[in-house]
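In what follows, chains carry the letters A, B, and so on, assigned in the order in which the sequence lines appear, proteins first and then strands, with residues in each chain numbered from 1.
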Amino acid sequence: MLDIKKIRENPEFYQAETAKKNSQVSISSVLDLDVQRRKILTEAESLKSQRNSVSKKIGELKKKGEDSSAIMEEMRKVGERITELDNQIRDIEEEQKRLLMHIPNVPHPSCPEGTSAEDNVVVRTWGSPLVHSFTPVEHKTLGERLGLFDFERGAKISGSGFPVYRGLGARLERALIQFFLDQHRQNGFEEVVPPYLVNRKAMTGTSQLPKFEEDMYRCDKDDDLFLIPTAEVPVTNLYDDEFIPEEKLPLRLCAYSACFRREAGSYGKDTRGLLRLHQFNKVEMVYFSHPERSYQDHEELVGHAENLLKQLGLPFHTIVLCKGDMGFGAAKCYDLEVWAPVEKRWLEVSSVSNFEDFQARRGNIKTKINGKNVLVHTLNGSGLATPRVMVAICDHYQQADGSLVIPEVLRPYMGGLDVIRAK
RNA sequence: GGAGAAUUAGCCUAAUGGUAAGGCAGCAGUCUUGAAAACUGCCGUGGGCAACCACUUGGGGGUUCGAGUCCCUCAUUCUCCGCCA
């Protein structure tokens, strides 16, 4: 959520910049409501002031045993008028908040201009694309031959997009997760095991709601709970309505979780195998940052994610998203895309964003700087989502004989196993 | 699931239905060569150029001229009972 006071100061800027993120909400309609609100508020407050002082007088009169019924009757009427005005204010505030909740964050000036993925800019490339000396098979085929994945039975019990990992595939999946978490611990993160079901307030705090409710799995028959689409939601909301001491910033947390996404409306070629799923595993990194240092921290965070791919030996590039391609709440966002030589394309495996105070304002997450309350900045990034990393591993590490070599850094987690062969 | 108790500002703690008192921590200033101490102001949110005003006692409602206080409801925590792993 944006700061209404800042919008008031520079409406043209906010109108122009939010429009670049495809916002339909008109800034001037929010400001019109704001003017109305303040006008009625002033009237209500002066009546309340009157009521307060007169009520005090009534108390004194009663103490002296004098009659006060006339002014009590008058105050009853004032009270009714106040209720009326308060109701109007509440309605206006609700409408204003509803609009504000649908306005996206404003992109940082360092983000490239642009309207779609085509305008994103590559900032770094690591490694060089692998050329196979044999005809490679795609990950789905390879994994099924080696008994790593079982898509058919997953579909049978849940539907498409719910893969089953089996045997060494299950172990490899777990190895990835544990490798990521161990790396983060060495980088000073505290590990968190969060709930997978969260309430509406948490979903709203990180801005999945109200705008994207149809993308979430809901348990609303009896409970109004949501399955988390990412551990960002429970972890970022951990400190809602709290103060984080300035000296603890940046507070670095990481969490493994399963992630649940309805992916409503995404069909097509991306749905093969592990490429797009309704349930997948991810390790998420979250920073609560000092507002003056969040962009430094953002660079550090993207570096952590990149380092994981380097250690896995998977070529990737880092792109900075243009203003029109960024997510709703982000002020700046880097995507990491790993090269998949069988797919012959880049696959997004991480998204690292700085939300500035956009989420912190919703969640009321503060710190105290020079005696003043200030919203912190929140950042998060995948580190990493496993399925497409698994695809890239299958693509890169498959051998001419149909076996799959285990990346070296994962072998300690596989009991020293260095290659998976067909039985 | 049942019974009881609790929730006041960053923290701790008051308030016979009469309009939130203190303390600690923090910030700014005075004093000081400097620091400490002491003193003064600030120290939740909103409105106002300002003087000021309003709101804020876990959330939401109600009674009242007036609610931290009385009533209803919800949440969370603690204690006990029951059930289950």
Open item on the list: Any base atoms under 4.0 Å from Lys39(A), or only sugar-phosphate, or nothing? Heavy atoms, all strands.
Closed with: nothing
Spacing of the [atom1] atoms in [M] and [N] (rounded, Å):
N: U57(B); M: A50(B); atom1: P; answer: 26 Å
N: C55(B); M: A6(B); atom1: C1'; answer: 26 Å
N: G60(B); M: G68(B); atom1: P; answer: 13 Å
N: C53(B); M: A3(B); atom1: P; answer: 47 Å
N: U19(B); M: U79(B); atom1: P; answer: 38 Å
N: U69(B); M: G58(B); atom1: C1'; answer: 16 Å

Send over the distance from [X] [atom1] to [N] [atom2], rounded to a whole Å.
X: Ile369(A); N: C27(B); atom1: CD1; atom2: C1'; result: 13 Å
X: Glu93(A); N: U56(B); atom1: CD; atom2: P; result: 13 Å
X: Ile82(A); N: A67(B); atom1: CD1; atom2: P; result: 10 Å
X: Arg200(A); N: G59(B); atom1: CZ; atom2: C1'; result: 16 Å
X: Glu74(A); N: U64(B); atom1: CD; atom2: C1'; result: 17 Å

Open item on the list: Please check this pair: side chain of Arg261(A) against backbone of Pro229(A), looking for a donor-acceptor N/O pair closer than 3.5 Å.
Closed with: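 Judged by distance alone, yes, a pair lies under 3.5 Å.
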Open item on the list: Quick check on RNA chain B: between Asn52(A) and Lys372(A), whose nearest nucleotide comes earlier from the 5' end?
Closed with: Lys372(A)
TODO: Could you say whether Glu45(A) or Gly59(A) is positioned toward the 5' end of RNA chain B, judged by the nucleotide with the nearest heavy atom to each?
DONE: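 Taking each residue's closest nucleotide, the earlier one in sequence belongs to Gly59(A).
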Phosphate oxygens OP1/OP2 of [N]: is one of them under 4.0 Å from a side-chain N or O of [X]?
X: Arg76(A); N: U64(B); result: no
X: Asn370(A); N: G26(B); result: no
X: Arg38(A); N: G48(B); result: yes
X: Ser49(A); N: A54(B); result: yes
X: Arg8(A); N: G46(B); result: no

Open item on the list: Give the dot-bracket line for RNA chain B from 5' end to 3' end: parentheses for intra-strand Watson-Crick or G-U pairs under 3.5 Å, square brackets for crossings, | for inter-strand pairing, dots for unpaired.
Closed with: (((((((..(((.....[...))).(((((.......))))).((((....))))..(((((..]....))))))))))))....
Between [options], spot the one nearest the side chain of [X], thanks.
X: Leu41(A); options: G46(B), C65(B), U19(B); result: G46(B)
X: Lys368(A); options: C65(B), C55(B), C43(B); result: C43(B)
X: Ile58(A); options: C55(B), G48(B), G18(B); result: G18(B)
X: Asn373(A); options: G44(B), C65(B), G46(B); result: G44(B)
X: Lys62(A); options: G47(B), C65(B), A54(B); result: C65(B)

Can a side-chain donor-acceptor contact be found between [Y] and [X] if the only test is distance below 3.5 angstrom?
X: Gln359(A); Y: Thr378(A); result: yes
X: His278(A); Y: Glu263(A); result: no
X: Lys62(A); Y: Ser68(A); result: no
X: Glu191(A); Y: Tyr256(A); result: no
X: Glu173(A); Y: Thr386(A); result: yes

Task: Pairing residues for Ser116(A) by the side chain to side chain contact (heavy atoms under 4.5 Å, CB included) criterion, not counting sequence neighbours - done: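 Per chain and number, Ser116(A) pairs via side chain to side chain contact (heavy atoms under 4.5 Å, CB included) with Glu118(A), Asp119(A).
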TODO: Quickly, which of Arg8(A), Lys97(A), Lys39(A), Lys5(A) forms a salt bridge (charged side-chain N to carboxylate O under 4.0 Å, His left out) with Asp34(A)? Name it, please.
DONE: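 When salt bridge (charged side-chain N to carboxylate O under 4.0 Å, His left out) is applied between Asp34(A) and each of Arg8(A), Lys97(A), Lys39(A), Lys5(A), only Arg8(A) qualifies.
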